[in-house]
Amino acid sequence: MSLGTARHDAILSVIRWRSESPSFNYLEKTAEVLFAENVFNEEQMRKRVPKDVFRRLQQTIQIGEPLPPEVANVVANAMKEWAIERGATHYTHWFHPLTGLTAEKHDSFLSPTADGKAITEFSGSALIQGEPDASSFPSGGIRATFEARGYTAWDCTSPAFIRENPNGTVLCIPTAFASWTGEALDVKTPLLRSDDALSQQSMRVLNLLGNGRDVSRVYTTIGAEQEYFLIDSHFFFSRPDLVTCGRTVIGARPPKGQQLEDHYFGAIPQRVLACMLETERDLYRLGVPVKTRHNEVAPGQYEIAPTFERSNIAVDHQMLTMSTLDRVARKYGMHCLLHEKPFAGVNGSGKHTNWSMSTNTGVNLLEPGDTPHDNMVFLVFLSAVIAAVDQYAPLIRASIASPGNDHRLGANEAPPAILSIFLGDQLTEALESIVTGKSASKRSATLKLGVTTLPHLPRHFGDRNRTSPLAFTGNKFEFRAVGSSASIAWPATILNTIVADTLSQIADALSKDIGKDPTPAKVRDAVTRVVKSIYKEHGRIIFNGDNYSQEWRDEAKKRGLPNIDNSVDALTGMVTKEYTALFNRHGVLNKREYESRFHIKLERYNTTLTIEAATLLSLARTVILPAALRYQCEVAEAIAATEAAGQQCEHESQMLGEIITLVTNLRNGIHDLDALLAKDHANIGVHGAAIRDSIIPKMAELREHCDRLEMVVADDLWPLPTYREMLYIK
């Protein structure tokens, strides 16, 4: 049997699967989908608990008052009864450890009694606190194996929900996760702390501006656009690199990639649309407000996007979105690829994180209004973001550092490693007018298309810049650099913390300038001075042009902006006294907690790349090399037979020589990478540098040898599904 048989069988299996399941009619068309029907939300609590209990719980959720044990007991019983009514037999504390994923341990509601029977129990203490094993999760040195105790703590700001399974149902309770010492072992605890820090500093500013009278809290809000690829499961399981690494470590570019730009916003393939519809149905039931779906730029690439939510709920819902995409895709005979760059040569996938700030009264603090140059609240909070991004650009870069993002950043609609802000010409002119004292030019509020039958369209304050890492898009910042497989919690924590810090600086300056006898004139003069000072000092971070251009790289260097183009440098730059003090100052992370994140992220980088290199080595040695040698043998035998028949084989002999050269290069590449992987390293920093400087370049060389052979070896002998097949056969 030829090496290519398994690959061709996979193609036939895709065609056969499609013919047997033409309608993909897995959903009950008559079944009504109720939004958040599997969520124990405010509506459910209002129905099931006394008014006083509901009021006290809302005070905890809205303004952070401590939750009394007696209130927890009542809520726990109501939550248990609701879950059991929906078929739940178990509950779990659902949390976000430092693995980048979620975790859960299921416990039964049933408890045995002395008379041999069983009752259902779920107390307030069981709701508030759980105890998973802390030593088996990444801790960056905070917990050792012999220090196993860890606690989960109920996050009442994020509603509990039901996860259904064909054989049972589980009540999932969102929680934070901490060690026995109280140090955070998850991504949610720092996020909640950073939200508190930002709220505290925002309230200081709002009170100084005279806008805090009815406001008790400021929240950050997020809407995360998830990009992903879908490929047929037959192809997925025929590619060891996809199974092990989530990306292809070899693969020649197909004749047609995304050059024609015909996939973007195109008609969604039937099977893909059926999968999307069921995914959305499941997410609606979980209360995830998904709104948008479409084809993305690369063939086989798609996007799902929600509306805005409070940041900690958005984090929970984003993780549910990823897990639901993965689960439902398998039902339709496909696999969802969330890696940032599963295929070379076409667009990678990001998670555009739209971030803003809102008061508990519903006011978006980044809403420019009709006259942004006169909107003091907007100008102050916009200036705080500008100062934060410029002052802490390396820290923002570190927040999105990962092996996958190293493949993605810098091209194909992914922003470059140089951090900058896109504001658009009109907002930039508004800020410049404050500095210069000149009036900002007025632009038409409507867009006329020159066709009488078409309506006049409202014009936004700025265009969209898809090359910018942080683009202002109406009333929010779109952080385009977050990777598609990443949790949005850590980038959000960074943004919250650094903006809290610059708001603190602004509050100090305003307080000193306004004094104890504020008047509208004093406040406006103080705001003008602060905005002017920030724009002069930090305006270098604003760039409205093409972030991919060499001109911008040269200009950014002149401006003194950092260009950190790899994750090792980005992560090692995290550990400074300045950054440690920043997180400690705002109560987000102490020194041990902060430094543990560096160790975990760099160790994960090293481990991920080591696995990828070992996978590439195995494929090259055991799959590609045998296929190439078989083809070499076939060509040699053909030449020998032709020459035995008395015919010249000059061109065929030249072809054989080229094949032998490629095979020799492949063998040498295998040897070189194998030798590098066998080396020991003193610590994770040295190991990371070795991977960056030696292993990754050797992986690229070995991949090139494999990809060149793919373009030469006979199709019936090539053993792996190709890009052409994986991206286009649906």
Side-chain angles (χ1 to χ4, degrees), residues 60 64 66-73 75-77 79-80 83 89-112 120-158 160-161 163 170-196 312 315-316 319 487 489-490 493 580 583-584 587-604 607 684:
T60 299
L67 187 70
E70 62 271 17
V71 171
N73 280 323
V75 173
N77 186 65
M79 192 183 291
K80 178 198 70 174
T89 58
H90 290 68
Y91 69 92
T92 180
H93 278 192
W94 186 77
F95 58 100
H96 304 249
L98 296 171
T99 58
L101 304 171
T102 57
E104 53 196 65
K105 181 188 73 170
H106 298 189
D107 288 301
S108 174
F109 286 123
L110 290 174
S111 297
T120 57
E121 285 187 334
F122 186 55
S123 65
S125 60
L127 168 63
I128 289 174
Q129 180 178 324
E131 189 181 342
D133 188 340
S135 66
S136 298
F137 290 104
S139 71
I142 289 180
R143 305 299 288 164
T145 304
F146 63 90
E147 298 171 315
R149 192 181 297 277
Y151 296 121
T152 48
W154 178 35
D155 174 19
C156 63
T157 64
S158 185
F161 56 92
R163 290 296 296 268
V170 180
L171 171 65
C172 298
I173 304 162
T175 57
F177 179 45
S179 75
W180 181 76
T181 61
E183 291 169 304
L185 294 175
D186 65 345
V187 297
K188 171 164 276 196
T189 303
L191 176 66
L192 293 171
R193 293 173 181 170
S194 70
D195 221 32
D196 285 345
N312 68 305
V315 167
D316 286 350
M319 300 305 289
S487 166
W490 182 239
T493 299
T580 303
F583 284 93
N584 189 65
V588 177
L589 292 167
N590 64 31
K591 186 174 186 293
R592 272 173 35 109
E593 289 173 324
Y594 177 67
E595 291 181 352
S596 72
R597 270 66 182 171
F598 156 73
H599 288 286
I600 291 168
K601 288 180 176 295
L602 187 54
E603 188 171 36
R604 182 166 294 273
T607 303
I684 59 172

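The structure presented is a predicted model; accordingly, all values stated were derived computationally and were not measured. Starting from 1, each residue takes its place in the sequence as its number.
Atom CH2 of Trp94 and atom OG of Ser158 lie 7.0 Å apart (nearest 0.5 Å). Within the model, atoms OG of Ser123 and NZ of Lys80 stand 10.0 Å from one another, a figure rounded to the nearest 0.5 Å. Expressed to the nearest 0.5 Å, how far OG of Ser139 lies from CD1 of Ile600 amounts to 6.0 Å. Taking SG from Cys172 and CZ from Arg163, the interatomic distance works out to 6.0 Å, rounded to the nearest 0.5 Å.
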Q. Can Leu192 and Thr157 be said to form a side chain to side chain contact (heavy atoms under 4.5 Å, CB included), step by step?
A. CA-CA 10 Å; Leu192 293 171; Thr157 64; 4.3 Å; yes
Q: Test Leu191 against Val315 for side chain to side chain contact (heavy atoms under 4.5 Å, CB included), laying out the working first.
A: CA-CA 9 Å; Leu191 176 66; Val315 167; 3.5 Å; yes
Q: Begin with the C-alpha distance, continue with both residues' side-chain angles, and end with the deciding distance and a verdict on ring-ring contact (aromatic ring centres under 6.0 Å, His included) for Phe177 and Tyr151.
A: CA-CA 6 Å; Phe177 179 45; Tyr151 296 121; 9.4 Å; no
Q) Would Arg597 and Leu98 count as a side chain to side chain contact (heavy atoms under 4.5 Å, CB included) if you check the C-alpha gap in whole Å, the side-chain angles of each, and the deciding distance to 0.1 Å? A) CA-CA 8 Å; Arg597 270 66 182 171; Leu98 296 171; 4.0 Å; yes
**Q.** side chain to side chain contact (heavy atoms under 4.5 Å, CB included) between Thr99 and Phe137, worked out
**A.** CA-CA 7 Å; Thr99 58; Phe137 290 104; 4.2 Å; yes
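The backbone N or O of Gly130 lies less than 3.5 Å from a partner atom in the side chain of Thr152, making a donor-acceptor pair. Of the possible donor and acceptor atoms, one in the side chain of Asn73 sits under 3.5 Å from a partner among the backbone N and O of Gly124.
Classified by interplanar angle (parallel below 30°, tilted 30° to 60°, perpendicular above 60°), the ring pair Phe122/Tyr91 is tilted.
Taking every heavy atom of both residues into account, Ile142 and Ala184 meet most closely at CD1-O, 4.2 Å. For the residue pair Thr493 and Pro190, the shortest heavy atom distance occurs at CG2-O, 3.8 Å.
Contact annotation: the side chain of Ile684 approaches that of His599 to within less than 4.5 Å [non-hydrogen atoms, C-beta and beyond]. Using a 4.5 Å cut-off on side-chain heavy atoms (C-beta onward), Trp154 and Ile173 make contact. Taking the side chain as every heavy atom from C-beta outward, Phe161 and Pro174 approach each other to under 4.5 Å. A 4.5 Å side-chain heavy-atom check between Leu589 and Asn584 finds every atom pair outside the cut-off. Side chains of Pro97 and Leu185 form no contact here, defined as non-hydrogen atoms less than 4.5 Å apart.
Residue pairs meeting the salt bridge (charged side-chain N to carboxylate O under 4.0 Å, His left out) criterion with at least one partner in residues 173-188, sequence neighbours excluded, are Asp155-Lys188, Glu183-Arg592, Lys188-Asp316. For residues 101-110, no residue pair satisfies the salt bridge (charged side-chain N to carboxylate O under 4.0 Å, His left out) rule, not counting sequence neighbours.
Side-chain atoms of Thr175 and His93 include no donor-acceptor pair closer than 3.5 Å.
For Arg193, the salt bridge (Lys or Arg N to Asp or Glu O under 4.0 Å) partners at least two apart in sequence or on another chain are Glu593.
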